[in-house]
Amino acid sequence: MASLKDLRNRIASVKGTQKITKAMQMVAAAKLRRAQNAAENARPYAEKMSQVLGNLAANLIGGVQGPKLLSGTGSDKVHLLVVCTADRGLCGGFNSSIVRLAREHIRKLTAEGKTVKIVTVGKKGYDLLRRQYRDQIIENRDLRGNKPVDYEFAAEIADSIISRFEDGEFDVATLFYSRFRSVIAQVPTAQKLIPAELPEAGDTVTDAALEFEPSEEAILDTLLPRNLTVQVFRALLENAASEQGARTGAMDSATRNAGEMIKKQTQIYNRTRQAMITKELIEIISGAEAL
């Protein structure tokens, strides 16, 4: 049985941990508001960009494939997976759920005889994947110097992807991130970047006779790289909101668990103290009767 001093020290330690988790919960909740607003504001722009590109692609003259970022290389032998996670833990299953989805994709592609290359964005994703896929990771970028995430950082990642694609290093690129839905719900998502997956042209365009200046091909050549950057930027913003939402929930659970542990340890302390007092009283009474 633990002594009273050990129990007091244990209770004090848990109380200290509870203060830390409560503070982390409040900080994450404050950061979540900004991150959520940024993610929600980026969605309409990214979706509209995809719609515009879809309309342009639908107006290409028959037989014209368009830029390689749209049509691909004609092969799918080499796949590049861009796995975006966080640099820090203590956010529940946020990082592990993204990595789990990426692993499933890797196993599926490997079983089909495809070659897989990996680019990680975020220290946690690299740490979780390097144990099993160290030789397949060709690049790692951390987020330490990019808080909050900015467009320039997303442009650097997108430029690196496009450069590798133009050098013939891969045929298909897929982006992995967590889409923010709410504080208690973040959805791991896989989005194909190259060749670009675009929505079908809207009804307002299919029946209209439109002329583009310059040509559709020239516009696509300009907008497709920018769209890739926008999609990466959106994914990073979604990840930032999902991370803070997951951390808020995880720290709330940790704070409540610490409270329950403090209550349980306090009960054990009181029972132990009462047992010691009772034992001393019995010894005193027994000694008095002996006299």
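All values derive from a computational prediction rather than experimental measurement.
- A distance of 6.5 Å separates CD1 in I161 from CZ in F170, rounded to the nearest 0.5 Å.
- Across A250 and G92, no two heavy atoms sit closer than the pair CB-N, 3.6 Å.
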* Please lay out, stage by stage, how T266 and K263 fare under the test side chain to side chain contact (heavy atoms under 4.5 Å, CB included). => CA-CA 5 Å; T266 301; K263 182 178 179 181; 5.8 Å; no

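- For the side chain to side chain donor-acceptor pair (under 3.5 Å) with D127, the lone residue among K124, K123, R131 that qualifies is K123.
- I106 and L128 fall within the same hydrophobic cluster, defined by Ile, Leu, Val, Met, Phe, Trp and Tyr side-chain heavy atoms under 4.5 Å apart, directly or through other members.
- Ring geometry for H79 versus H105: interplanar angle over 60°, hence perpendicular rather than tilted (30 to 60°).
- Atom CZ in R34 sits 8.5 Å away from atom CD in Q244 (nearest 0.5 Å).
- At a threshold of 4.5 Å between non-hydrogen side-chain atoms, the residues V172 and V78 do not count as touching.
- In summary, the side chains of S97 and Q186 do not present any donor paired with an acceptor at a separation below 3.5 Å, with no hydrogens or angles considered.
- To the nearest 0.5 angstrom, R10 atom CZ is 5.0 Å from Q265 atom CD.
- Residue R8 qualifies as enclosed at atom CZ: its count of foreign heavy atoms under 6.0 Å is above 12.
- Closest non-hydrogen pair, L228 versus A158, comes out as CD2-CB, 3.4 Å.
- Here CG of N239 is found 8.5 Å from CG of N95. Values are rounded to the nearest 0.5 Å.
- Counting heavy atoms from C-beta outward, V187 and S178 have side chains that stay 4.5 Å or more apart.
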* Would you please test S160 and E139 for side chain to side chain donor-acceptor pair (under 3.5 Å) and show each step? => CA-CA 10 Å; S160 176; E139 184 179 355; 3.0 Å; yes

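- With F176 as reference, I98 is the one residue of T189, V99, I98 to meet the side-chain contact (heavy atoms from CB on, under 4.5 Å) rule.
- A donor atom on one side chain and an acceptor atom on the other are found under 3.5 Å apart for Q231 and S50.
- Side-chain atoms of L7 and I268, non-hydrogen and from C-beta on, do get closer than 4.5 Å to each other.
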* Report the C-alpha separation of R164 and E166 in whole Å, then their side-chain angles, then the decisive distance to 0.1 Å, and conclude whether the salt bridge (Lys or Arg N to Asp or Glu O under 4.0 Å) test is met. => CA-CA 5 Å; R164 292 181 183 278; E166 292 176 345; over 6 Å; no

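- Environment of CZ in R43: crowded, with over 12 heavy atoms of neighbouring residues, nucleotides or ligands closer than 6.0 Å.
- Counting non-hydrogen atoms of other residues, nucleotides and ligands closer than 6.0 Å to CD1 of I184 gives a total of 12 or fewer.
- No donor-acceptor distance shorter than 3.5 angstrom exists from the side chain of R247 to the backbone of L32, with no hydrogens or angles considered.
- Using a distance-only test at 3.5 Å, with no hydrogens or angles considered, a donor-acceptor pair links the side chain of N37 to the main chain of R33.
- Ion pair R234/E47 flagged as a salt bridge, since at least one NZ, NE, NH1 or NH2 atom sits closer than 4.0 Å to an Asp/Glu carboxylate oxygen.
- No side-chain donor-acceptor contact under 3.5 Å links D252 and T255.
- Residues A258 and V14 approach most closely at O-CG1, 3.6 Å, considering heavy atoms.
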* To do: Tell me, with the steps shown, if I118 and V116 meet side chain to side chain contact (heavy atoms under 4.5 Å, CB included).
  => CA-CA 7 Å; I118 305 171; V116 177; 4.2 Å; yes

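- Summarising the geometry of D171 relative to F165, their closest heavy-atom pair is O-CE1, 3.9 Å, with the distance given to 0.1 Å.
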* Please test E169 against L80 for side chain to side chain contact (heavy atoms under 4.5 Å, CB included), starting from the C-alpha separation and ending with a verdict. => CA-CA 9 Å; E169 294 187 21; L80 178 70; over 6 Å; no

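- The CE atom of M251 sits 12.0 Å away from the NZ atom of K22 when rounded to the nearest 0.5 Å.
- Within a 6.0 Å sphere centred on NZ of K31, other residues, nucleotides and ligands contribute 12 heavy atoms or fewer.
- The distance from the NZ atom of K77 to the OG1 atom of T115 is 9.0 Å, given to the nearest 0.5 Å.
- Taking 4.0 Å as the cut-off between side-chain N and carboxylate O, E104 and R100 do not count as a salt-bridged pair.
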* To do: Determine, step by step, whether L236 and C84 satisfy the side chain to side chain contact (heavy atoms under 4.5 Å, CB included) criterion, reporting the C-alpha distance in whole Å, the side-chain angles of both residues, the deciding distance to 0.1 Å, and the verdict.
  => CA-CA 7 Å; L236 294 176; C84 300; 4.1 Å; yes

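- Considering all non-hydrogen atoms of both residues, N140 and G122 come closest at OD1-O, 3.9 Å.
- A donor-acceptor pair under 3.5 Å is formed between the side chain of T278 and the backbone N or O of Q274.
- In this structure a side-chain-to-backbone donor-acceptor pair under 3.5 Å is present from E238 to F180.
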